[in-house]
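The next block holds one structure in the form of structure tokens; read it before the comments.
Just so it is clear, the structure is predicted and the values come from calculations on it, not from any experiment. Each chain gets a letter, A, B and so on, in the order the sequences are listed, and its residues count up from 1.
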Amino acid sequence: MTIQRPRGTRDFLPEETWKRGRAKLAMQDVLERWGYQEVATPTFEHLELFTRKSGASVMEEIYSFKDKGGRDLALRPELTAPVMRMYVSELQNSPKPQRLCYYGNCFRYERPQKGRFREFWQLGAELIGGARPDSEAEVIALAERTIQSVGVGGDIHVGYLGLIRSILDRIEAEHRSAIMRMIDKKEHSALKEFLDIIGQEHLGLLELTDLKGKAALDKAAQIVSDLGSSASSPSAPMQSKIPEPSLAGRSSAREGRKVSSELNLEEFCQTVELLDAYGVKYTVDFEIVRGLEYYSGTVFEIYAEGLGAQRQICGGGTYELASLFGGKETSSTGFGLGFDRIMEIVQIEKTRRSPVYLVYTPDVKVEAARIAIKLREIVPIVLDVMGRGIGAQLKAAASAGAKFAVIVGRSELDSKKITLRDLSAGEQESLALEEIEMRLKAEFT
RNA sequence: GCCGGGAUAGGGUAGUGGUUAUCCUGAGGGACUGUGGAUCCCUCGAGCUGGGUUCGAAUCCCGGUCCCGGCCCCA
């Protein structure tokens, strides 16, 4: 029996690989235009990097292993943590802000389904150390432009965790994560029931998450003024917001850490205004909470059609992770997008060029090889290695979709004129090698 | 982890509890020793896997693997 691929992995044949390469280039071109520099991190890291960021709950879906030295390692399940790790250890003293982007394969032990694989690719960007509204608007606009560059559109939903967290501050801590979950899951009735059960006035939480767009923003403003006048302690009354960098402890973002929940709707409004300036179409949507405790400000997600259950192609927001990896606290904004999901709906015109076939008679094989080497400085050249005759070589060229064949035989060599055949037109002419070079050069640029 | 549907040459497929398992495409060769994707001929190549029922299983039953879709989850 042949050996199969491991579950949830894929082979990419030439055509698909070419298409993926093109899409990647198109998106990276946008990132480059916005001043983002690509970085790369290892495929595997210390397991702790990921558990510290996301909690022990990720263990179920992480590919982890001990190496021969007994170290606990993991195939990276995402790229934000490695990039932040790199930033903390190598870039902290570089000028701010840092604009970084990345592309790489990630691994999660999950049940494969449409748009979900065990090995998958993420492309993303992080803007580290910038001021909030400007950074947030830039990153969201950049995310939109990036997917647009491959002909993909999507609905952008923008939320603000500062507000949600401030509301939650009025609710007992033990209930907060459950509420976040229900908001994230869009379980309205369950949320209402829950708020009733725990006997909390919901401070407009239900309406807030129900409304979208301008109405949601108005509601938010109203809630903020209510919160301000309700005279309890000012925002962020919790424990110190700078935690011990917890080098020894295994505390995770989910457990120990408290992200500052300062409420600054003003800033969020600025972000939104800037988005208008960038010409980004978006929906204000306070249901976007991303369920992660290290997000602190604006969060956003992008959804696309045609992907079945896995509609989300991009997610991001402002977070504070640097301190978790032992660095100075630095506010960053970033996004990651699901490259494989995007590839399912990508619009790329297929203009892949077939190489030129250098067709030769067996008696001039040596000369043909020399000519091939020379022509390859200009165009892709394929040389027969099957010992086929001219007819069969042309047949192969035609079936490969080649537009041109260069034909070399004894008579060409004697006359120093080589045949250039246009396979699509069915015409050919005899030309000096230099002239053929010029012709092909013109065709292939 | 859960639910449903699948698996027959490299790709796409047909069929039946009973000899050498269809057809299309593909690949290699030939007709064709210097000119094409056509045509004709030849060749190559398959019932996921392990067990069970049966005189006999690719077909029926069970387990596993993998694929497709959905749930859970989604850093």
### Task
Take Q310(A) and T9(A), find for each the nucleotide of RNA chain B with the closest heavy atom, and name the residue whose nucleotide sits nearer the 5' end.
T9(A)
### Query
Who is the Watson-Crick or G-U wobble partner of rU49(B), with both distances under 3.5 Å?
rG63(B)
### Message
Any strand counts, and the cut-off is 3.5 Å on both contacts for Watson-Crick or G-U wobble. Which nucleotide pairs with rA27(B)?
### Response
rU43(B)
### Message
Taking the cut-offs as 6.0 angstrom to the six-membered ring centre and 45 degrees off its axis, would you call R108(A) and Y63(A) a cation-pi pair?
### Response
no
### Query
Cation-pi between R20(A) and W121(A): NZ/CZ under 6.0 Å from ring centre and within 45° of the ring axis?
yes
### Query
rG11(B) P sits how many Å from D11(A) CG, rounded?
12 Å
### Task
Would you mind classifying the nucleic acid contact of D184(A) as base, sugar-phosphate or nothing, using non-hydrogen atoms under 4.0 angstrom?
nothing
#### Entry: Side-chain donor/acceptor contact of Q428(A) with base of rU35(B) under 3.5 Å
yes
### Message
Against the six-membered ring of F44(A), is R76(A) placed for a cation-pi contact (under 6.0 Å from the centre, within 45° of the normal)?
### Response
no
### Query
Is rG56(B) paired to anything, Watson-Crick or G-U wobble with both distances less than 3.5 Å, and if yes, which nucleotide?
none
### Query
Base, sugar-phosphate alone, or nothing: which one does R388(A) contact when heavy atoms must sit under 4.0 Å apart?
sugar-phosphate
### Task
Could you check if the base of rG47(B) is syn or anti? Syn means the glycosidic torsion is within 90 degrees of 0.
syn
### N or O in side chain of R10(A) less than 4.0 angstrom from rC67(B) OP1/OP2
no
### Task
Take atom P in rC67(B) and the same atom in rG11(B), then report the distance between them in whole Å.
15 Å
### Query
What integer distance in Å separates Q113(A):CD from rC74(B):C1'?
10 Å
#### Entry: Q4(A) side-chain proximity, nearest of rU65(B), rU35(B), rA75(B)
rU65(B)
### Message
Under 4.0 Å, heavy atoms only, any strand: does Q393(A) hit a base, just the sugar-phosphate, or nothing?
### Response
nothing
### Query
In whole angstrom, what separates R5(A)'s CZ from rC67(B)'s P?
7 Å
#### Entry: rU20(B) versus rG28(B) - spacing of their C1' atoms, nearest Å
24 Å
## Note on the structure
ring pair (Phe, Tyr, Trp, His ring centres under 6.0 Å) pairs touching residues 400-438 of chain A, sequence neighbours excluded, are none
### Query
Want to settle it: does G8(A) or R341(A) sit nearer the 5' end of RNA chain B, counting the closest nucleotide to each?
G8(A)
### Summary
Checking N1-N3 plus N6-O4 or O6-N4 for Watson-Crick, or N1-O2 and O6-N3 for wobble, each under 3.5 Å, the partner of rG34(B) is none
### Query
Do the side-chain N or O atoms of K114(A) get closer than 4.0 angstrom to the phosphate oxygens (OP1, OP2) of rC67(B)?
no
### Query
Has the side chain of T209(A) got a donor or acceptor atom that lies under 3.5 Å from a matching backbone atom of E287(A)?
no
### Task
May I ask you to evaluate whether R181(A) reaches the phosphate of rC73(B), defined as a side-chain N or O under 4.0 Å from OP1 or OP2?
yes
#### Entry: Nearest-angstrom distance, C1' atom, rU16(B) to rU22(B)
11 Å
### Shortest side-chain distance from E110(A), nucleotide among rC68(B), rC74(B), rG36(B)
rC74(B)
### Query
At under 4.0 Å between heavy atoms, what does G389(A) touch on the DNA or RNA strands: base, sugar-phosphate, or nothing?
nothing
### Query
Going by modelled atom types, is there a donor-acceptor pair between the base of rG36(B) and the side chain of S399(A) at under 3.5 Å?
no
### F117(A) CZ - rC68(B) C1' separation (whole Å)
11 Å
#### Entry: Interatomic distance at C1', rU59(B) relative to rU54(B), whole Å
13 Å
### Task
Would you state whether a donor and an acceptor, one from the side chain of R111(A) and one from the base of rG1(B), lie under 3.5 Å apart?
no
### Task
Indicate, with a heavy-atom threshold strictly under 4.0 Å, whether G426(A) touches base, sugar-phosphate, or nothing.
base
### Query
On a whole-Å scale, what distance lies between the C1' atoms belonging to rC23(B) and rG15(B)?
11 Å
### Query
Mind checking whether Y295(A) and Y319(A) have parallel, tilted or perpendicular rings, split at 30° and 60°?
perpendicular
### Query
Considering only heavy atoms and no angle criterion, is a donor-acceptor pair shorter than 3.5 Å present between the side chain of E412(A) and the base of rG34(B)?
yes
#### Entry: Pair assignment for rA21(B), Watson-Crick or G-U wobble, requiring both distances under 3.5 Å
none
### Message
Within the 4.0 Å heavy-atom criterion, would you say T80(A) contacts the bases, only the backbone, or no part of the nucleic acid?
### Response
nothing
### Message
At 4.0 Å (heavy atoms only), tell me whether G401(A) reaches a base, stays on the sugar-phosphate, or touches nothing.
### Response
base
#### Entry: rG70(B) to rG29(B) separation - C1' atoms, rounded to the nearest Å
49 Å
### Message
So if I take every side-chain heavy atom of K53(A) and compare against rC74(B), rU35(B), rA75(B), which nucleotide ends up nearest?
### Response
rA75(B)
### Spacing between W121(A) atom CH2 and rA75(B) atom P, to the nearest angstrom
20 Å
### Task
Could you let me know what rC73(B) is paired to, Watson-Crick or G-U wobble, both distances under 3.5 Å, or none if it's on its own?
none
### Query
For rC67(B), does either OP1 or OP2 sit under 4.0 Å from a side-chain N or O belonging to R7(A)?
yes
### Message
I want to check a possible cation-pi pair here: R353(A) against F444(A), using under 6.0 Å from ring centre and within 45° of the ring axis as the test.
### Response
yes
### Query
Atom CD1 of I407(A) to atom P of rU35(B): distance rounded to whole Å?
10 Å
### Query
With sugar-phosphate meaning primed atoms plus P, OP1 and OP2, does R290(A) contact a base, only sugar-phosphate, or nothing at under 4.0 Å between heavy atoms?
sugar-phosphate
## Note on the structure
Closest of rG69(B), rC72(B), rA38(B) to the R116(A) side chain is rC72(B)
### Message
Expressed as a whole number of angstroms, how long is the span from Y102(A):OH to rA75(B):P?
### Response
12 Å
### Message
We want to know whether Y36(A) and E38(A) form a side-chain donor-acceptor pair, criterion being a heavy-atom distance below 3.5 angstrom.
### Response
no
#### Entry: Shortest side-chain distance from A309(A), nucleotide among rC71(B), rC68(B), rC74(B)
rC71(B)
### Query
Rounded to whole angstrom units, what separation is found between the CE atom of M180(A) and the P atom of rC73(B)?
15 Å
### Task
Establish, for the pair K365(A) and Y360(A), whether the NZ or CZ atom is under 6.0 angstrom from the six-membered ring centre and no further than 45 degrees off its axis.
no
### Query
Roughly how far apart, to the nearest Å, are rG30(B) and rG47(B) at atom C1'?
32 Å
### Message
Taking only the C1' atom of each, what is the distance from rC60(B) to rC72(B) in whole angstrom?
### Response
34 Å
